[in-house]
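Comments concern the structure below.
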Amino acid sequence: MLDLNHKTILLTGGTGSFGNAFVECVLRRWPDAVVRVYSRDELKQSEMRAKFGEKNVRYLIGDVRDRARMSRAAQGADIIVHAAAMKQVPACEYNPFEAVRTNVLGAQHVVDAAIDAKVERVVALSTDKAVNPVNLYGATKLCAEKIFVQGNAYAAQSSTRIACVRYGNVIGSRGSVVPVFRNQLETTGRITITDDRMTRFWITLPQAVDLVLFALANMEGGEVFVPKIPSMRILDLAEAMAPGAPHEVIGIRPGEKLHETMIPADDAHCTVELEDRYVILQSFANAARDAYLHRGGKAVPDGFSYSSDSNPEKLDANGLQTLLAMSYA
(Lines give C-alpha, C1' and ligand atoms only; values in the text may rest on other atoms or scores of the structure.)
Protein backbone atom coordinates (compact mmCIF):
# COMPACT_ATOMS: atom_id res chain seq x y z
CA MET A 1 0.00 0.00 0.00
CA LEU A 2 1.54 3.27 -1.13
CA ASP A 3 1.65 5.99 1.52
CA LEU A 4 3.28 9.26 0.50
CA ASN A 5 2.40 11.16 3.67
CA HIS A 6 5.50 12.70 5.21
CA LYS A 7 7.47 11.82 2.05
CA THR A 8 9.37 14.41 0.01
CA ILE A 9 8.92 13.98 -3.74
CA LEU A 10 11.15 15.69 -6.28
CA LEU A 11 9.25 16.19 -9.54
CA THR A 12 11.41 17.20 -12.50
CA GLY A 13 9.61 18.97 -15.32
CA GLY A 14 7.00 19.63 -12.70
CA THR A 15 5.27 22.57 -14.42
CA GLY A 16 4.03 20.52 -17.39
CA SER A 17 0.65 18.90 -17.89
CA PHE A 18 1.67 15.73 -16.07
CA GLY A 19 3.30 17.70 -13.26
CA ASN A 20 0.16 19.70 -12.54
CA ALA A 21 -1.98 16.56 -12.53
CA PHE A 22 0.51 14.70 -10.34
CA VAL A 23 0.77 17.49 -7.74
CA GLU A 24 -3.01 17.84 -7.58
CA CYS A 25 -3.46 14.09 -7.04
CA VAL A 26 -0.72 13.79 -4.42
CA LEU A 27 -1.93 16.75 -2.37
CA ARG A 28 -5.49 15.44 -2.47
CA ARG A 29 -4.62 11.89 -1.43
CA TRP A 30 -1.65 12.54 0.88
CA PRO A 31 -2.05 15.98 2.48
CA ASP A 32 1.16 15.61 4.48
CA ALA A 33 3.35 14.92 1.43
CA VAL A 34 5.78 17.56 0.18
CA VAL A 35 6.44 18.01 -3.54
CA ARG A 36 9.47 19.83 -4.91
CA VAL A 37 8.58 21.17 -8.36
CA TYR A 38 11.80 21.41 -10.36
CA SER A 39 11.75 23.18 -13.72
CA ARG A 40 13.21 26.00 -15.80
CA ASP A 41 9.99 27.98 -16.25
CA GLU A 42 9.53 30.64 -13.58
CA LEU A 43 6.23 31.82 -15.10
CA LYS A 44 4.63 28.39 -14.89
CA GLN A 45 6.01 27.98 -11.39
CA SER A 46 4.34 31.26 -10.46
CA GLU A 47 1.07 29.94 -11.89
CA MET A 48 1.42 26.71 -9.91
CA ARG A 49 2.20 28.69 -6.76
CA ALA A 50 -1.08 30.58 -7.20
CA LYS A 51 -2.89 27.27 -7.72
CA PHE A 52 -1.32 25.02 -5.07
CA GLY A 53 0.20 27.45 -2.61
CA GLU A 54 3.47 26.92 -0.73
CA LYS A 55 2.49 24.87 2.30
CA ASN A 56 3.26 21.50 0.72
CA VAL A 57 4.90 22.51 -2.56
CA ARG A 58 8.40 23.88 -3.05
CA TYR A 59 9.37 25.59 -6.30
CA LEU A 60 12.94 25.07 -7.48
CA ILE A 61 14.30 26.72 -10.60
CA GLY A 62 16.69 24.31 -12.24
CA ASP A 63 17.55 22.24 -15.28
CA VAL A 64 18.22 18.50 -15.42
CA ARG A 65 21.18 19.39 -17.65
CA ASP A 66 22.83 20.97 -14.59
CA ARG A 67 24.27 18.10 -12.57
CA ALA A 68 25.21 20.20 -9.54
CA ARG A 69 21.77 21.81 -9.29
CA MET A 70 20.10 18.43 -9.82
CA SER A 71 22.16 16.95 -6.99
CA ARG A 72 21.24 19.82 -4.69
CA ALA A 73 17.53 19.41 -5.49
CA ALA A 74 17.67 15.68 -4.71
CA GLN A 75 19.13 16.10 -1.22
CA GLY A 76 16.63 14.88 1.37
CA ALA A 77 14.14 13.61 -1.22
CA ASP A 78 12.53 10.21 -0.69
CA ILE A 79 11.19 9.85 -4.23
CA ILE A 80 12.01 11.29 -7.65
CA VAL A 81 9.49 11.36 -10.48
CA HIS A 82 11.33 12.37 -13.65
CA ALA A 83 9.02 14.05 -16.15
CA ALA A 84 11.40 16.64 -17.62
CA ALA A 85 12.07 16.17 -21.33
CA MET A 86 12.14 17.77 -24.72
CA LYS A 87 9.07 16.16 -26.28
CA GLN A 88 8.25 17.93 -29.54
CA VAL A 89 9.49 15.82 -32.46
CA PRO A 90 10.22 18.76 -34.83
CA ALA A 91 12.09 20.68 -32.12
CA CYS A 92 14.23 17.63 -31.35
CA GLU A 93 14.96 17.05 -35.04
CA TYR A 94 16.02 20.67 -35.56
CA ASN A 95 18.01 20.91 -32.31
CA PRO A 96 19.41 17.39 -31.94
CA PHE A 97 22.12 17.96 -29.36
CA GLU A 98 19.79 20.05 -27.21
CA ALA A 99 17.48 17.02 -27.10
CA VAL A 100 20.45 14.81 -26.18
CA ARG A 101 21.52 17.20 -23.41
CA THR A 102 18.04 17.21 -21.85
CA ASN A 103 16.77 13.70 -22.50
CA VAL A 104 19.99 11.67 -22.29
CA LEU A 105 22.50 13.61 -20.21
CA GLY A 106 19.64 14.84 -18.02
CA ALA A 107 18.62 11.24 -17.38
CA GLN A 108 22.15 10.39 -16.25
CA HIS A 109 22.16 13.39 -13.92
CA VAL A 110 18.90 12.25 -12.33
CA VAL A 111 20.26 8.74 -11.77
CA ASP A 112 23.54 10.04 -10.33
CA ALA A 113 21.74 12.51 -8.05
CA ALA A 114 19.31 9.83 -6.83
CA ILE A 115 22.05 7.35 -5.95
CA ASP A 116 24.27 9.95 -4.29
CA ALA A 117 21.36 11.31 -2.22
CA LYS A 118 20.12 7.79 -1.35
CA VAL A 119 16.66 8.46 -2.79
CA GLU A 120 14.45 5.44 -2.14
CA ARG A 121 12.57 5.22 -5.45
CA VAL A 122 12.82 6.83 -8.87
CA VAL A 123 10.25 6.57 -11.66
CA ALA A 124 11.00 8.05 -15.08
CA LEU A 125 8.38 8.81 -17.72
CA SER A 126 9.00 7.36 -21.17
CA THR A 127 7.04 7.06 -24.40
CA ASP A 128 5.95 4.56 -27.03
CA LYS A 129 8.24 6.44 -29.43
CA ALA A 130 11.22 4.89 -27.60
CA VAL A 131 10.33 1.52 -29.20
CA ASN A 132 12.10 1.00 -32.54
CA PRO A 133 12.59 4.77 -32.80
CA VAL A 134 12.52 6.58 -36.15
CA ASN A 135 13.07 10.09 -34.79
CA LEU A 136 15.57 11.69 -32.45
CA TYR A 137 13.02 12.17 -29.69
CA GLY A 138 12.33 8.44 -29.61
CA ALA A 139 16.04 7.63 -29.79
CA THR A 140 16.85 9.89 -26.83
CA LYS A 141 14.03 8.39 -24.78
CA LEU A 142 15.29 4.88 -25.61
CA CYS A 143 18.71 5.93 -24.32
CA ALA A 144 17.09 7.40 -21.22
CA GLU A 145 15.22 4.15 -20.53
CA LYS A 146 18.47 2.20 -20.77
CA ILE A 147 20.17 4.65 -18.40
CA PHE A 148 17.40 4.35 -15.80
CA VAL A 149 17.09 0.57 -16.02
CA GLN A 150 20.84 0.03 -15.84
CA GLY A 151 21.06 2.58 -13.04
CA ASN A 152 19.89 -0.18 -10.72
CA ALA A 153 23.23 -1.93 -11.19
CA TYR A 154 25.05 1.17 -9.89
CA ALA A 155 22.54 1.42 -7.03
CA ALA A 156 22.88 -2.24 -6.07
CA GLN A 157 24.71 -1.48 -2.82
CA SER A 158 22.17 1.16 -1.78
CA SER A 159 18.43 1.30 -1.15
CA THR A 160 17.72 3.24 -4.37
CA ARG A 161 15.44 1.51 -6.87
CA ILE A 162 14.72 2.87 -10.34
CA ALA A 163 12.01 2.05 -12.89
CA CYS A 164 10.28 3.54 -15.94
CA VAL A 165 6.74 3.90 -17.17
CA ARG A 166 6.04 3.94 -20.92
CA TYR A 167 2.77 5.16 -22.40
CA GLY A 168 1.23 6.72 -25.50
CA ASN A 169 -0.32 10.05 -26.40
CA VAL A 170 -1.88 11.96 -23.52
CA ILE A 171 -5.31 13.37 -24.30
CA GLY A 172 -5.50 16.96 -23.17
CA SER A 173 -1.79 17.52 -22.63
CA ARG A 174 -0.02 20.53 -24.07
CA GLY A 175 0.83 19.91 -27.72
CA SER A 176 -1.43 16.87 -28.13
CA VAL A 177 -3.54 16.55 -31.24
CA VAL A 178 -6.82 17.22 -29.42
CA PRO A 179 -6.18 20.91 -28.65
CA VAL A 180 -4.58 21.23 -32.12
CA PHE A 181 -7.76 19.93 -33.76
CA ARG A 182 -9.88 22.22 -31.61
CA ASN A 183 -7.81 25.24 -32.56
CA GLN A 184 -8.00 24.35 -36.26
CA LEU A 185 -11.78 24.02 -36.06
CA GLU A 186 -12.09 27.39 -34.35
CA THR A 187 -9.80 29.23 -36.76
CA THR A 188 -10.38 27.56 -40.13
CA GLY A 189 -13.26 25.13 -39.71
CA ARG A 190 -11.03 22.41 -41.18
CA ILE A 191 -8.78 19.69 -39.75
CA THR A 192 -5.45 18.59 -41.16
CA ILE A 193 -4.55 14.89 -40.94
CA THR A 194 -1.15 13.52 -41.85
CA ASP A 195 -2.40 10.06 -42.91
CA ASP A 196 -5.87 8.60 -42.51
CA ARG A 197 -4.42 5.14 -41.72
CA MET A 198 -2.48 6.40 -38.71
CA THR A 199 -3.28 4.92 -35.27
CA ARG A 200 -2.18 5.98 -31.82
CA PHE A 201 -2.46 4.84 -28.20
CA TRP A 202 -4.41 7.20 -25.93
CA ILE A 203 -4.18 7.77 -22.19
CA THR A 204 -5.58 10.44 -19.87
CA LEU A 205 -3.53 12.44 -17.40
CA PRO A 206 -5.23 10.78 -14.40
CA GLN A 207 -4.36 7.37 -15.88
CA ALA A 208 -0.75 8.46 -16.38
CA VAL A 209 -0.55 9.61 -12.76
CA ASP A 210 -2.08 6.32 -11.55
CA LEU A 211 0.51 4.39 -13.58
CA VAL A 212 3.36 6.28 -11.89
CA LEU A 213 1.83 5.70 -8.46
CA PHE A 214 1.44 1.98 -9.26
CA ALA A 215 5.10 1.83 -10.27
CA LEU A 216 6.16 3.56 -7.04
CA ALA A 217 4.14 1.08 -4.99
CA ASN A 218 5.18 -2.12 -6.81
CA MET A 219 8.60 -1.66 -8.40
CA GLU A 220 11.45 -4.02 -7.65
CA GLY A 221 13.89 -1.96 -9.74
CA GLY A 222 14.60 -2.14 -13.46
CA GLU A 223 11.05 -2.51 -14.75
CA VAL A 224 9.32 -0.70 -17.58
CA PHE A 225 5.60 -0.49 -16.79
CA VAL A 226 3.23 -0.32 -19.77
CA PRO A 227 -0.51 0.35 -19.32
CA LYS A 228 -3.27 -1.40 -21.22
CA ILE A 229 -4.90 1.53 -22.98
CA PRO A 230 -7.07 1.93 -26.08
CA SER A 231 -5.93 2.98 -29.52
CA MET A 232 -7.76 4.86 -32.25
CA ARG A 233 -7.29 5.95 -35.85
CA ILE A 234 -6.52 9.65 -36.17
CA LEU A 235 -9.26 9.88 -38.80
CA ASP A 236 -11.80 8.44 -36.36
CA LEU A 237 -10.57 10.85 -33.68
CA ALA A 238 -11.17 13.80 -36.00
CA GLU A 239 -14.62 12.52 -36.97
CA ALA A 240 -15.58 11.92 -33.33
CA MET A 241 -14.50 15.43 -32.35
CA ALA A 242 -16.14 17.17 -35.31
CA PRO A 243 -18.60 14.97 -37.20
CA GLY A 244 -18.78 15.96 -40.84
CA ALA A 245 -16.10 18.66 -40.60
CA PRO A 246 -13.88 18.82 -43.70
CA HIS A 247 -10.36 17.49 -43.35
CA GLU A 248 -7.24 17.60 -45.46
CA VAL A 249 -4.64 14.83 -45.68
CA ILE A 250 -1.24 16.57 -45.73
CA GLY A 251 1.07 13.55 -45.66
CA ILE A 252 3.14 11.95 -42.94
CA ARG A 253 5.76 14.24 -41.40
CA PRO A 254 9.46 13.44 -40.99
CA GLY A 255 10.02 11.28 -37.92
CA GLU A 256 6.42 10.00 -37.74
CA LYS A 257 5.21 6.40 -37.86
CA LEU A 258 1.88 5.14 -39.11
CA HIS A 259 1.51 3.06 -35.95
CA GLU A 260 3.21 3.04 -32.55
CA THR A 261 4.44 0.04 -30.57
CA MET A 262 4.72 -0.08 -26.79
CA ILE A 263 6.09 -3.63 -26.49
CA PRO A 264 8.11 -5.08 -29.38
CA ALA A 265 8.16 -8.81 -30.09
CA ASP A 266 11.83 -8.89 -29.12
CA ASP A 267 10.83 -8.12 -25.51
CA ALA A 268 8.12 -10.78 -25.25
CA HIS A 269 10.43 -13.21 -23.46
CA CYS A 270 10.91 -10.79 -20.55
CA THR A 271 7.38 -9.34 -20.37
CA VAL A 272 4.77 -10.22 -17.76
CA GLU A 273 1.06 -9.44 -18.15
CA LEU A 274 -0.93 -8.13 -15.19
CA GLU A 275 -4.64 -7.38 -15.11
CA ASP A 276 -4.46 -3.86 -16.52
CA ARG A 277 -0.83 -3.42 -17.52
CA TYR A 278 2.35 -5.14 -18.67
CA VAL A 279 5.75 -5.18 -17.01
CA ILE A 280 8.91 -5.45 -19.10
CA LEU A 281 11.80 -6.75 -17.02
CA GLN A 282 15.50 -6.91 -17.68
CA SER A 283 16.16 -10.07 -19.68
CA PHE A 284 18.42 -11.40 -16.92
CA ALA A 285 16.11 -10.47 -14.02
CA ASN A 286 14.70 -13.94 -13.45
CA ALA A 287 14.03 -13.39 -9.74
CA ALA A 288 11.99 -10.25 -10.42
CA ARG A 289 10.07 -12.03 -13.19
CA ASP A 290 9.28 -14.90 -10.83
CA ALA A 291 8.08 -12.41 -8.20
CA TYR A 292 5.56 -10.92 -10.62
CA LEU A 293 4.41 -14.37 -11.73
CA HIS A 294 3.86 -15.38 -8.10
CA ARG A 295 1.77 -12.23 -7.59
CA GLY A 296 -0.70 -13.25 -10.30
CA GLY A 297 1.08 -12.15 -13.45
CA LYS A 298 1.45 -14.38 -16.47
CA ALA A 299 4.05 -14.67 -19.17
CA VAL A 300 3.05 -13.34 -22.60
CA PRO A 301 3.33 -15.74 -25.56
CA ASP A 302 6.43 -15.88 -27.75
CA GLY A 303 6.31 -13.24 -30.46
CA PHE A 304 3.82 -11.08 -28.56
CA SER A 305 3.82 -7.38 -29.41
CA TYR A 306 1.63 -4.50 -28.29
CA SER A 307 0.99 -2.06 -31.14
CA SER A 308 -1.63 0.59 -31.81
CA ASP A 309 -2.82 -1.01 -35.07
CA SER A 310 -3.32 -4.51 -33.64
CA ASN A 311 -4.44 -3.44 -30.16
CA PRO A 312 -7.67 -5.33 -29.35
CA GLU A 313 -8.97 -2.38 -27.31
CA LYS A 314 -10.26 0.13 -29.84
CA LEU A 315 -11.60 3.54 -28.89
CA ASP A 316 -14.91 4.58 -30.41
CA ALA A 317 -16.59 8.00 -30.39
CA ASN A 318 -18.34 7.37 -27.05
CA GLY A 319 -15.15 6.13 -25.45
CA LEU A 320 -13.30 9.18 -26.71
CA GLN A 321 -15.87 11.52 -25.21
CA THR A 322 -15.46 9.72 -21.88
CA LEU A 323 -11.69 10.17 -21.98
CA LEU A 324 -12.05 13.83 -22.95
CA ALA A 325 -14.42 14.37 -20.03
CA MET A 326 -11.84 12.79 -17.69
CA SER A 327 -9.05 14.91 -19.16
CA TYR A 328 -10.82 18.24 -18.97
CA ALA A 329 -12.74 17.68 -15.74
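Throughout, residue positions are numbered sequentially from 1 according to the sequence presented.
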Check whether any side-chain N or O of [X] sits under 3.5 Å from a backbone N or O of [Y] as a donor-acceptor pair, and report yes or no.
{"X": "N311", "Y": "I229", "answer": "yes"}
{"X": "E145", "Y": "C164", "answer": "no"}
{"X": "K314", "Y": "D309", "answer": "yes"}
{"X": "R65", "Y": "R101", "answer": "no"}
{"X": "R36", "Y": "A73", "answer": "yes"}
{"X": "Q45", "Y": "L60", "answer": "yes"}
{"X": "T102", "Y": "A85", "answer": "no"}
{"X": "N103", "Y": "M86", "answer": "yes"}
{"X": "N152", "Y": "V149", "answer": "yes"}
{"X": "S126", "Y": "V165", "answer": "no"}

Below 4.5 Å, heavy atoms only, C-beta onward: do [X] and [Y] meet side chain to side chain?
{"X": "P227", "Y": "D276", "value": "no"}
{"X": "L237", "Y": "F181", "value": "yes"}
{"X": "T140", "Y": "C92", "value": "no"}
{"X": "R289", "Y": "V272", "value": "yes"}
{"X": "K51", "Y": "N20", "value": "yes"}
{"X": "D195", "Y": "I234", "value": "no"}

Would you call [X]-[Y] a salt bridge at under 4.0 Å N-O?
{"X": "R67", "Y": "D116", "value": "yes"}
{"X": "E47", "Y": "K44", "value": "no"}
{"X": "R69", "Y": "D66", "value": "no"}
{"X": "E313", "Y": "K228", "value": "no"}

For [X] versus [Y], what's the shortest heavy-atom pair and its separation?
{"X": "T194", "Y": "I250", "value": "CA-CG1, 4.0 Å"}
{"X": "R200", "Y": "K257", "value": "NH2-O, 2.8 Å"}
{"X": "S305", "Y": "A265", "value": "CB-N, 3.8 Å"}
{"X": "V122", "Y": "V119", "value": "CG2-CG1, 4.2 Å"}
{"X": "P133", "Y": "A139", "value": "CB-N, 3.4 Å"}
{"X": "V134", "Y": "G255", "value": "CG2-O, 3.6 Å"}

To the nearest 0.5 Å, what is the distance between [atom1] ([X]) and [atom2] ([Y])?
{"X": "M232", "Y": "D316", "atom1": "CE", "atom2": "CG", "answer": "7.0 Å"}
{"X": "D63", "Y": "R40", "atom1": "CG", "atom2": "CZ", "answer": "4.5 Å"}
{"X": "T160", "Y": "I79", "atom1": "OG1", "atom2": "CD1", "answer": "11.5 Å"}
{"X": "R166", "Y": "E223", "atom1": "CZ", "atom2": "CD", "answer": "13.0 Å"}
{"X": "T127", "Y": "L142", "atom1": "OG1", "atom2": "CG", "answer": "11.0 Å"}
{"X": "N135", "Y": "E93", "atom1": "CG", "atom2": "CD", "answer": "5.5 Å"}

Atom [atom1] of [X]: over 12 foreign heavy atoms under 6.0 Å:
{"X": "D302", "atom1": "CG", "result": "no"}
{"X": "R49", "atom1": "CZ", "result": "yes"}
{"X": "E42", "atom1": "CD", "result": "no"}
{"X": "K146", "atom1": "NZ", "result": "no"}

Relative to each other, are the rings of F225 and Y292 parallel, tilted or perpendicular (30° and 60° limits)?
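Answer is perpendicular, since the angle exceeds 60°.
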ring-ring contact (aromatic ring centres under 6.0 Å, His included) between F304 and Y278, intermediate numbers included:
CA-CA 12 Å; F304 169 83; Y278 300 96; 5.3 Å; yes
Verdict with reasoning, S307 to H259, per side chain to side chain contact (heavy atoms under 4.5 Å, CB included)
CA-CA 7 Å; S307 299; H259 313 291; 5.6 Å; no
Applying side chain to side chain contact (heavy atoms under 4.5 Å, CB included) between V35 and each of V23, L10, T8, report the one that passes.
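Answer to the side chain to side chain contact (heavy atoms under 4.5 Å, CB included) test with V35 among V23, L10, T8: V23.
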Among E275, E220, E273, find the one that has a salt bridge (charged side-chain N to carboxylate O under 4.0 Å, His left out) with R295.
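When E275, E220, E273 are each tested with R295, the salt bridge (charged side-chain N to carboxylate O under 4.0 Å, His left out) holds only for E220.
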Quick one, L4 with L213, criterion side chain to side chain contact (heavy atoms under 4.5 Å, CB included). Give me CA distance, side-chain angles, the key distance, then yes/no.
CA-CA 10 Å; L4 298 182; L213 295 176; 4.1 Å; yes
Do the side-chain N and O atoms of S308 and S231 include a donor-acceptor pair separated by under 3.5 angstrom?
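Their side chains do not contain a donor-acceptor pair, so the 3.5 Å distance test is not met.
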What's the verdict on side chain to side chain contact (heavy atoms under 4.5 Å, CB included) for V111 and F148, showing C-alpha distance, side-chain angles and the deciding distance?
CA-CA 7 Å; V111 170; F148 280 105; 3.5 Å; yes
Yes or no on side chain to side chain contact (heavy atoms under 4.5 Å, CB included) for R190 and E248, after CA distance, side-chain angles and deciding distance?
CA-CA 7 Å; R190 300 175 63 85; E248 177 186 1; 3.9 Å; yes
